Each structure stands twice: as structure tokens, then as C-alpha cells.
2 protein chains.
Amino acid sequence: MQFSIEPNNGMPIYEQLVRQIKFAVAEGVVVPGQLVPSVRELARQLTINPNTVQRAYQQLQSEEILESLRGRGLAVCIGAKRRCISDRQSLLAERLTEVVGEAVRSGLDHDRLRELIEKAIKQAIRSGE
Amino acid sequence: MQFSIEPNNGMPIYEQLVRQIKFAVAEGVVVPGQLVPSVRELARQLTINPNTVQRAYQQLQSEEILESLRGRGLAVCIGAKRRCISDRQSLLAERLTEVVGEAVRSGLDHDRLRELIEKAIKQAIRSGE
DNA sequence: TTCGGTGTACTATATGACCAATACACATGG
DNA sequence: CCATGTGTATTGGTCATATAGTACACCGAA
């Protein structure tokens with residue numbers, strides 16, 4: 001459960017959290033039934049406000065990714081993994097479509113575009129190992 | 001000079017404008033010396049607030065893309081085209097790196113990722129013609 | 001039972017983006 | 001000259017995000 005929050009990235013912090021937790025469930029980093037970090041613990045870990053974490057957890061509950069075990073914590077729902085895998089594809093496709101769309105509309109050569117994409121992929125893989 | 005603004009896209013409206021105007025200069029849709037639409041005209045055209053247009057124009061002046069001919073309008077600076085072409089590449093690469101980075105970190109297969117990218121490119125080209 | 005950790009709820013405050021309205025200085029065309 | 005259209009500046013308001021602080025109900029272990 002390693003999250004990285006980037007403020008000033010346009011995307012609200014609570015939304016970044018929602019995405020990353022969904023991705024973690026999709027990858028099996030947290031399995032159904034397992035507890036996620038507590039509101040206060042995760043807030044302390046990321047040095048953000050507990051209310052912000054709470055907001056992310058609240059949305060994940062409304063999407064039936066997490067369920068509340070009051071007094072104990074929040075657990076990953078049973079059927080959540082399949083849905084998170086599906087969600088991951090949708091969420092990433094959505095952003096990709098936006099960015100690629102902007103590039104094409106801007107008039108950039110398709111060759112240049114593919115070149116930039118390949119460079120981005122290599123950089124992402126390299127920085128992640 | 002055809003712009004499309006999407007509110008609630010995370011990116012502020014004035015920043016969307018700055019990018020699209022830079023792209024237009026890079027493409028030669030507006031050539032150096034030519035006047036861009038007036039603050040009020042563009043605001044009316046996009047049904048946004050004149051202050052928002054003003055803010056975009058102000059930033060473009062600080063980057064020496066536009067110059068103010070007070071009482072007449074705003075013109076594209078002489079050396080601006082080359083800089084805009086360079087800026088376009090940087091701006092698009094930056095966003096691409098972010099999105100691709102998120103996809104890779106999320107654990108998505110590289111094959112799936114390339115698949116999504118190809119689909120996004122085809123869709124962008126198709127919707128643009 | 002008691003205590004600490006859990007989720008949850010509520011109010012208040014600060015910041016940034018954006019809208020709304022107004023006012024002023026300048027240039028152009030009648 | 002003067003009316004119109006420019007850019008520019010200022011003030012105030014709304015909304016979403018995020019922070020800060022407090023309070024309550026619940027569970028489990030000591």
C-alpha cells in the first residue's frame with residue numbers, strides 16, 4: 001500500500017486517492033476482506049488532512065469497493081477486484097483519450113506523436129524499476 | 001481560430017486557452033503580426049467571462065507570444081511561432097508522461113496500454129475529420 | 001469496565017478559479 | 001470632436017478543494 005500524492009496536479013487529492021486505491025485492488029496489492037489503512041493513519045502517512053482521506057473512502061464505499069466495519073476499519077468488498085480491474089481500464093482510457101485528442105487537435109504530426117508516446121512509455125518503465 | 005473549452009476538466013479555462021492559442025500559433029492558424037480576437041469578442045464566442053480571456057492573454061504577453069497594441073488589440077509577436085512549436089512539444093510531452101506514468105504504475109500490462117493508446121489515436125483522428 | 005483506535009459528522013477557515021460589474025486610458029473612424 | 005471598440009485594473013461574489021478542530025458511536029483488548 002504505497003501511495004504518492006501530487007498536489008497542484010489539477011486532480012483533487014481525494015480523487016488521486018480513489019484512483020490509486022482502485023488500482024491497488026485491481027493489482028491484488030490488497031485482497032478482498034483485508035483492511036485498508038485507517039483514515040488517521042493514511043492521513044499521517046501522506047501528511048494530508050484526515051477529512052480528505054475520509055472523502056476518498058466515502059466515495060469508495062458508495063461504489064461498493066470498501067465496506068465499513070464500524071469501530072474496526074474499512075475492508076475491501078468481496079466482488080471488488082473484478083470491478084476495479086474494469087474501472088482501471090476505463091479510467092486510464094479516459095485520460096489517454098483526452099491527452100491524445102489534444103495532441104491530434106493541436107496539429108502535431110502523427111509520427112511525432114507516436115515518438116513522444118514511445119519516449120513516455122520507456123521513461124515510465126525505466127523510472128519504475 | 002476555433003477553440004473548444006471544456007469546464008470541469010481539471011484544467012482551468014484560462015490555461016486551456018493559453019495552450020490552444022499557442023497551438024494555433026505553432027500551426028500557423030494565426031501568423032505573427034496578425035491580431036487575435038478581442039477579449040470581449042472571444043469571451044462572447046466561448047460564453048465565458050472576459051476576465052478569464054484577459055488572464056490568458058496576460059500570460060501570453062508575459063511569455064512574449066502576444067504584444068499589446070493598446071486601443072487596437074493584441075498581435076502575435078514576431079518570433080513567436082518557433083517558440084510555440086517548441087512549447088507545443090513540451091506541453092504535450094508533459095501530459096503524456098503523466099498519463100502514461102500513471103498507467104504503468106497502476107500495473108496495467110504494456111500490451112493493454114499500447115492497445116488503449118492505439119484506440120485513443122484512432123478515435124481522435126476519426127472524430128477530427 | 002476502561003482505554004485507545006476505529007469510522008463518522010459537523011462547523012469554521014483559507015485558498016484558488018471563475019464570474020459579475022464597473023471604471024479608466026487609448027486608438028480609430030465617422 | 002466624439003462615439004465605439006480596444007486593453008487594463010479593481011472590487012466583490014460564488015463555488016470547490018483542502019485544512020483545522022471538535023465531537024460522537026462503535027469495537028476490541030487490557
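So you know, we letter chains A, B, ... as the sequences are listed, proteins then strands, and number each from 1. This is a predicted model, so every value here is computed, not measured.
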- Message: Once side chain to side chain contact (heavy atoms under 4.5 Å, CB included) is applied, do any residues pair with B/P37, and if so which ones, sequence neighbours excluded?
- Response: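 Per chain and number, B/P37 pairs via side chain to side chain contact (heavy atoms under 4.5 Å, CB included) with B/M1, B/E41, B/L42, B/Y57.
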- By side chain to side chain contact (heavy atoms under 4.5 Å, CB included), B/E129 pairs with (sequence neighbours left out) none
- Item | Side chain B/N9, main chain B/M11, donor-acceptor under 3.5 Å | no
- Within the side chain of A/E15, is there an N or O that forms a donor-acceptor pair under 3.5 Å with the backbone of A/P12?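 Not a single qualifying donor-acceptor pair exists.
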- Under a 4.0 Å heavy-atom cut-off, which of residues 58-78 of chain B touch DNA chain C? B/R70, B/G71, B/R72
- Got a second to check how far A/F23's CZ is from B/L108's CG, nearest 0.5 Å?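 Here the interatomic distance stands at 9.0 Å.
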- Task: Please list all pairs passing the salt bridge (Lys or Arg N to Asp or Glu O under 4.0 Å) test where one or both residues lie in residues 45-63 of chain A, with sequence neighbours left out.
- Result: A/K22-A/E63
- Message: Reading DNA chain D from 5' to 3', where do the contacts with chain B start and stop? Cut-off is 4.0 Å to heavy atoms.
- Response: D/dG5 to D/dT10
- Name every residue in residues 29-36 of chain A that has at least one heavy atom under 4.0 Å from any atom of DNA chain D, in order of residue number, or write none if there are no such residues.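 Contacting residues: none.
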Show the atom names and distances, to 0.1 Å, of all donor-acceptor pairs under 3.5 Å that link a side chain in residues 92-106 of chain A to residues at least two apart or in another chain.
residue	atom	partner	partner atom	Å
A/R95	NH1	B/E102	OE1	3.0
A/T97	OG1	A/A93	O	2.7
A/E102	OE1	B/R19	NH2	3.2
A/E102	OE1	B/R95	NH1	3.0
A/E102	OE2	B/R19	NE	2.7
A/E102	OE2	B/R19	NH2	3.4
A/S106	OG	A/A103	O	2.7

Enumerate donor-acceptor pairs with a distance under 3.5 Å from any side-chain N or O in residues 110-117 of chain A to protein atoms, sequence neighbours excluded.
residue	atom	partner	partner atom	Å
A/R114	NH2	B/E118	OE1	3.0

- Query: In the hydrophobic clustering (ILVMFWY, side-chain contacts below 4.5 Å, transitive), which residues join B/L35, or is it alone?
  - Reply: B/L69
- Task: Quick one, give me the B/S/- string for nucleotides 14-22 of chain C, reading 5' to 3', where B means a protein heavy atom under 4.0 Å from the base and S means that only happens at the primed atoms, P, OP1 or OP2.
- Result: ---SSBBB-
- Task: For B/R72, check salt bridge (charged side-chain N to carboxylate O under 4.0 Å, His left out) against everything at least two apart and list the hits.
- Result: none
- Those residues that, when tested against B/E67, pass salt bridge (charged side-chain N to carboxylate O under 4.0 Å, His left out) (two or more places apart): none
- For residues A/L17 and A/I48, determine if any side-chain heavy atom of one lies less than 4.5 Å from a side-chain heavy atom of the other. yes
